[in-house]
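Working notes for the structure below.
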Amino acid sequence: MPELPEVETVRRSLEPVLVGRRILKVDLARPGLRLPFPGHFAHRLQGRTVTALARRAKYLIARLSSGESWLIHLGMTGRFTIIAPNGRPHGLGEFYYETAADAVARGPHDHVAIDLEDGWRLIYTDPRRFGLMDLIAPGAEASHPLLKDLGIEPLGNEMNAQTLAKALRGKKAPLKAALLDQKIIAGLGNIYVCEALFRARLSPIAPAGSLVTRAGGPRLGLERLVGAIRAVLTEALAAGGSTLRDYAGADGAPGRFQQHFDVYDRAGEACTRPGCGGTVERLVQAGRSTFWCPRCQRRGDP
DNA sequence: CGGGACTCCTGCCAGC
DNA sequence: TGCTGGCAGGAGTCCC
């Protein structure tokens, strides 16, 4: 599920439940996820109140009354389920649990259960366990190894053609790979990179540096790319993200943006660009699928 | 150093 | 029907 729009959707779902509430009990079903849980993890969460729930790139950061920050990454398959005090899942759509009693009988991939004040409960589920959780000492967020090298926040003020030109200048890596690199832009994943490249009519195999002029400024294609990234993320966010194989929001409501994909997972289908007449193709780059229309996605300026 | 391959893990689905 | 291989929204680590 989770690229930036999905993580932000989860953040918005969790925020009203989590923020301002005390964590009463944390139950871990295993020693860790992709990384081991930090020492005394449950103990350091219990009794603390969540004062804010922020997002940086694809990370959720829950700030705690102890001054520590609870860092969460959903990996490929991580998700939260919110269980309301009456035992029923909160929100709309389909749910993993029907009652609080079911929630106690946890599934094999429910790794963390969090009991909050007022009878609210969160379950973290992650079949592939590519997610992670950590605790960050007070004041140490900026120097955390997983956060310190993150690049531009793609919906933030820094996201402009000038800044990106500086980051891409001289890069020989394919544009697709550069946009997936979280040290350059932090928050894009495979879906939204494919969709943004399509909208900007840029080739995923062009060298990233080819979008930068000799003098170091952005070519027109890079200007288009900045707009395309902002637009596709904004639209995806408004649709509650994309849901492919599981549930999107922690309130159980699936995202709807997958209905608007132009290229992702559409290999063999007709290009949606009016008058193009091309066909969407699948290509493997660095072990990951790229979906694109070779007919209308070309390198260059304009 | 930059860039690509490999790795972690489980589930699902197309194809035989 | 049942097995197998390939593929999946991520990203750190290794090696050239």
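Numbered from 1 within each chain, the chains take letters A, B, ... in sequence-line order.
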Which nucleotides of DNA chain C pair, in dot-bracket form (Watson-Crick or G-U under 3.5 Å, | meaning another strand): .|||||||.|||||||
Using a 4.5 Å cut-off between side-chain heavy atoms of Ile, Leu, Val, Met, Phe, Trp and Tyr, which other residues end up in the same hydrophobic cluster as A/Ile205?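 A/Leu283, A/Trp292, which link up through side-chain heavy atoms under 4.5 Å apart, make up the rest of the cluster.
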Members besides A/Ile61 in its Ile/Leu/Val/Met/Phe/Trp/Tyr cluster (side-chain heavy atoms under 4.5 Å):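 For the cluster that includes A/Ile61, the remaining residues are A/Leu35, A/Tyr59, A/Leu71, A/Leu132, A/Ile136, A/Leu146, A/Leu147, A/Leu150.
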Checking [X] now: which residues fulfil side-chain hydrogen bond (donor to acceptor under 3.5 Å, both in side chains) with it, not counting sequence neighbours?
{"X": "A/Arg273", "answer": "none"}
{"X": "A/Glu158", "answer": "none"}
{"X": "A/Gln258", "answer": "none"}
{"X": "A/Glu223", "answer": "none"}

Could you list the residues that satisfy side-chain contact (heavy atoms from CB on, under 4.5 Å) with A/Glu269, not counting sequence neighbours?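 A/Glu269 satisfies side-chain contact (heavy atoms from CB on, under 4.5 Å) with A/Arg266 once adjacent residues are dropped.
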Name the pairs: protein N/O against N/O of nucleotides 9-11 of chain B, kept only if under 3.5 Å.
from, atom 1, to, atom 2, distance (Å)
B/dC9, O3', A/Arg129, NH2, 3.4
B/dC9, O2, A/Arg128, NE, 2.8
B/dC9, N3, A/Arg128, NH2, 3.4
B/dT10, OP1, A/Arg129, NH1, 3.4
B/dT10, O3', A/His109, NE2, 3.2
B/dG11, OP1, A/His109, NE2, 2.7

Looking at DNA chain C, which of residues 168-181 of chain A put a heavy atom within less than 4.0 Å of it?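 Residues of residues 168-181 of chain A under 4.0 Å from DNA chain C: none.
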Pairs where residues 162-175 of chain A contributes a residue and the test side-chain hydrogen bond (donor to acceptor under 3.5 Å, both in side chains) is met, not counting sequence neighbours: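 The answer is A/Asn160-A/Thr163.
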Pairs where residues 36-64 of chain A contributes a residue and the test salt bridge (charged side-chain N to carboxylate O under 4.0 Å, His left out) is met, not counting sequence neighbours: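 Sorted result for residues 36-64 of chain A: A/Glu8-A/Arg55, A/Arg44-A/Glu68, A/Arg55-A/Glu153, A/Arg56-A/Glu153, A/Arg63-A/Glu141.
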